[in-house]
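What follows is one structure encoded as structure tokens, with my remarks underneath.
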Amino acid sequence: MENNALAKIFYETAELLALKNENPFKIRAYQKAANNIENLSNNLEEIYKKGGLPALQEIPGIGHDLSLKIEEFIRTGKVRSYKELTHEFPKEIINLINIPGMGPKTALLLNKKLKIDTPAKLEKAARHGLLRNIPGFGIKKEENILRGISLKKRSKGRFRLDEATEYAELIVEKLKKSKGVKKILPCGSLRRGQETIGDLDILITSTDPKPIMDAFTALPFVTNIIVKGETKSSVILKNGMQADLRVVNPKSFGAAAHYFTGCKAHNINIRQLAQKNGWKVSEYGIFKGNKQIGGTTEEEMFSKFGLQFIPPELREMRGEFEAAAKGKLPKLIELSDIKGDLHSHTNATDGSNTILEMAQAAKKLGYEYILISDHSQSTRVARGLSIKQCLQNIKEIHSAGKMISGIKILAGAEVDILPDGKLDYPDEVLKQFDLCICSIHSNFKMPKEKMTARIVKAFQNKYVHIFAHPTGRLIGEREPYAVDMEQVLKAAKKYKIALELNAHPKRLDLTDIYCRRAKELGVKVVISTDSHRTSQLSLMKYGVLTARRGWLEKHDVLNTLPISKLLLRLKDK
DNA sequence: GCCGTTTTCGGCCCGACTGTTTTCAGTCG
């Protein structure tokens, strides 16, 4: 049973309860529970098997009632109360709520008055001017709804971290020159390093917001202005992404940065802590009565509550408050800790650069080593190397090594795990590599048990050291293959295989949640870029962000080690 | 529906913006 399947049921329950005009706090309880379930690093079914209902109730936001629903879902695959709710409403009505500008109240009203229950019917009614006659509606609201529908149609949903980062940098570059801008900081899920970004949140401090708002909404790559107020504006960029700008007074910088970074549940928690102290927290600061007692710096947003500073990547309500209160937050890995890249391709297969060029680029980044790991023979699309070519390639890696100083070029390969779990080269070849990566490039559609067994079998080969992009997903393009990651992680521990966190922003595989589980189980991680050209070596930063989200520290990641220790660790079988 | 070193009942984050409201509801983050 997947945690996310149940999280989705709880999220939808919340939406349906909102349509019923239920107690808003009950609705929030469902949302909170769904959010916490999504963020769990282990499987609900395993938790239940081990500890039953009491174990489920130890999960924050899960009490008596919800634990019973989880139990029901584990046993039957269904939640009856949810099923019953869905029968009370037309099937597509949730799609109405998800149109920007529409909410449960509006959806329900339109359903009652005009029998609208699908986005298509809503669009038709709005085009025919039928909405403006309803009490509380007018021409503008009608136009807004039409705009929301077209926005929804054009929106590609979420954006990759690298694309969002590039736009954020562009906006910062353009706006930092505007008159009166003191500080400018991209916040939101981008700052938390989430793998995909819904919209950009940019924070600026200034005492004169108006001209900054004007400059923002007039940026050349802005296609629509959604709202434009005194201190807050929202626009659509030409790639379809929404960007929000907030301008606050410099004395509120810390509180605003904290607030706009989120996540939402994390913010609510800080505000509740404030209440307990008789204070109030908003994006403008920490207040005792009308007096601001903190929030000029972001550090104060934690120190005032007796907490360690919580880095943005940890602000996901995954136990960061408990750890910060005890002074037990991890000292997160940093980009500067990385001493080498352990996954790279050259023009021997599907890369663009030579061995030497890749090594020179890695040296420029200050690395001590780089592993050249071209594809093995079965990966024909990538022009994988035959045994003969592979042996030749090892020689060429060694001779390239003699032509450069200050960096060690390691000879390796990214060897396919064949459908039966055997490796794509015989042991006599494998043993000649300094380090060997294995990974899946074919037969993605195997049943879960077979795929898991395939991977675990490969781990038993003593010449294999690293398992690359462990779930095979491509963000927004390809789902992960069916695989029991808990078993894979445990096998990695048993056979001393390091799991790769592939830093390419379209992979980020391991995910943050699996990184954390790996750490809990004592499985070592390597962060590599899988570069196919020299410029991609700089994608390492996205891998490090994901590792930080997974609470990883320097000692959890093997390519923070100097070369001698690295080889000792990986070859210790 | 959850939660508790003030509480097992009575709370539950806080503010901006918009439209149509004559004092505020709905939506969003």
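Every chain is numbered from 1, with letters handed out A, B, ... down the list of sequences.
Residues of residues 89-100 of chain A having a heavy atom closer than 4.0 Å to DNA chain B, listed by number: A:I99, A:P100. The stretch residues 282-300 of chain A touches DNA chain B through A:S282, A:E283, A:Y284, each having a heavy atom under 4.0 angstrom from the strand.
For the pair A:L245 CG and B:dA16 C1', the computed distance is 13 Å after rounding to whole Å. In this structure, A:L190 atom CG and B:dG29 atom P are separated by 16 Å, rounded to whole Å. A:L17 places its CG atom 10 Å from the C1' atom of B:dG1, with the value rounded to the nearest Å. The separation between A:H258 atom NE2 and B:dC13 atom C1' is 12 Å, rounded to whole Å. Protein atom CD1 of A:I226 is 12 Å distant from nucleotide atom C1' of B:dG29, rounded to whole Å. The nearest whole Å value for the distance from the NZ atom in A:K232 to the P atom in B:dT27 is 15 Å. Rounded to an integer number of Å, the gap from NZ of A:K228 to P of B:dA16 is 18 Å. A:K276 has its NZ atom 7 Å from the P atom of B:dG4, to the nearest Å.
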May I have the list of side-chain donor-acceptor pairs in residues 59-68 of chain A shorter than 3.5 Å, sequence neighbours left out?
unit_1: A:S67; atom_1: OG; unit_2: A:Q57; atom_2: NE2; d: 2.9
unit_1: A:S67; atom_1: OG; unit_2: A:G63; atom_2: O; d: 3.2
unit_1: A:S67; atom_1: OG; unit_2: A:H64; atom_2: O; d: 2.8

May I have the list of side-chain donor-acceptor pairs in residues 228-236 of chain A shorter than 3.5 Å, sequence neighbours left out?
unit_1: A:K228; atom_1: NZ; unit_2: A:D214; atom_2: OD1; d: 2.7
unit_1: A:S234; atom_1: OG; unit_2: A:D244; atom_2: OD1; d: 2.7

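Distances shown here put every side-chain N or O of A:N267 at or beyond 4.0 Å from the OP1 or OP2 atom of B:dC14. Using a 4.0 Å cut-off, no side-chain N or O of A:S67 falls inside it from OP1 or OP2 of B:dC2.
Among residues two or more places apart in sequence or in another chain, the side chain to side chain donor-acceptor pair (under 3.5 Å) test is passed with A:E15 by none. Applying the side chain to side chain donor-acceptor pair (under 3.5 Å) criterion to A:E166, with sequence neighbours excluded, gives no partner residue. Evaluation of the side chain to side chain donor-acceptor pair (under 3.5 Å) rule for A:T546 yields no partner, not counting sequence neighbours. Residues passing the side chain to side chain donor-acceptor pair (under 3.5 Å) test with A:E320 are A:H266, sequence neighbours excluded. For A:N95, the side chain to side chain contact (heavy atoms under 4.5 Å, CB included) partners are A:E92, A:P119, not counting sequence neighbours.
Across all strands shown, A:Y259 has heavy atoms under 4.0 Å from base atoms, whether or not it also approaches the sugar-phosphate. Among the atoms of the strands shown, only primed sugar atoms or phosphate atoms (P, OP1, OP2) are found under 4.0 Å from some heavy atom of A:I139. As judged by a 4.0 angstrom heavy-atom cut-off over every strand, A:K280 is placed among residues touching the sugar-phosphate backbone only. As judged by a 4.0 angstrom heavy-atom cut-off over every strand, A:I270 is placed among residues making no nucleic acid contact. In this structure, A:T231 reaches the sugar-phosphate backbone alone: every heavy-atom distance under 4.0 Å involves primed, P, OP1 or OP2 atoms, never a base.
Both tests do not hold together for A:K8 against A:Y11: distance to the six-membered ring centre under 6.0 Å, angle to the ring axis within 45°. Remark: A:R271 fails to qualify as a cation-pi partner of A:F305 under the 6.0 Å distance and 45° angle criteria applied to the six-membered ring. Stacking of A:K183 on the aromatic ring of A:F253 is recorded, both the 6.0 Å distance cut-off and the 45° axial limit being met.
Here the separation of B:dT8 from B:dC3, taken at their C1' atoms, is 9 Å to the nearest Å. A distance of about 24 Å separates the C1' atoms of B:dT5 and B:dG1, rounded to the whole Å. For the C1' atoms, the distance from B:dG29 to B:dC13 is 12 Å, rounded to whole Å. To the nearest whole angstrom, the two P atoms, one in B:dG10 and one in B:dG15, are 26 Å apart. Comparing B:dA16 with B:dG11, their P atoms sit 26 Å apart, to the nearest whole Å. For B:dC9 and B:dC14, the P atoms lie 25 Å apart once the distance is rounded to whole Å. For the P atoms, the distance from B:dC28 to B:dT23 is 25 Å, rounded to whole Å. A gap of 37 Å separates the P atoms of B:dC17 and B:dT6, to the nearest Å.
Place A:D65 and A:Q242 on DNA chain B by their nearest nucleotides, and A:D65 ends up nearer the 5' end. When each of A:V227 and A:D199 is assigned the nucleotide of DNA chain B with its nearest heavy atom, A:V227 is the one assigned upstream, toward the 5' end.
The closest side-chain donor-acceptor pair between A:N3 and A:E38, if any, does not fall under 3.5 angstrom. Checked by atom type, the side-chain pair A:Q292/A:Y284 shows no donor-acceptor distance below 3.5 Å.
Base orientation of B:dT6: anti, since the glycosidic angle falls outside 90° of 0.
Within a 6.0 Å radius of NZ in A:K124, other residues, nucleotides and ligands contribute 12 heavy atoms or fewer. Heavy atoms from other residues, nucleotides or ligands lying under 6.0 Å from CZ of A:R80 number 12 at most. Surrounding CD of A:E84 are more than 12 heavy atoms belonging to other residues, nucleotides or ligands, all under 6.0 Å away.
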Heteroatom pairs (N/O) under 3.5 angstrom, protein to nucleotides 22-26 of chain B:
unit_1: B:dG26; atom_1: O3'; unit_2: A:T106; atom_2: OG1; d: 3.3

Table of protein N/O atoms under 3.5 Å from nucleotides 8-12 of chain B N/O atoms:
none

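Both distances falling under 3.5 Å, in either a Watson-Crick or a G-U wobble arrangement, occur for no nucleotide opposite B:dT8.
Sorted by first then second residue, the side-chain hydrogen bond (donor to acceptor under 3.5 Å, both in side chains) pairs that include residues 98-118 of chain A, not counting sequence neighbours, are A:D117-A:K121.
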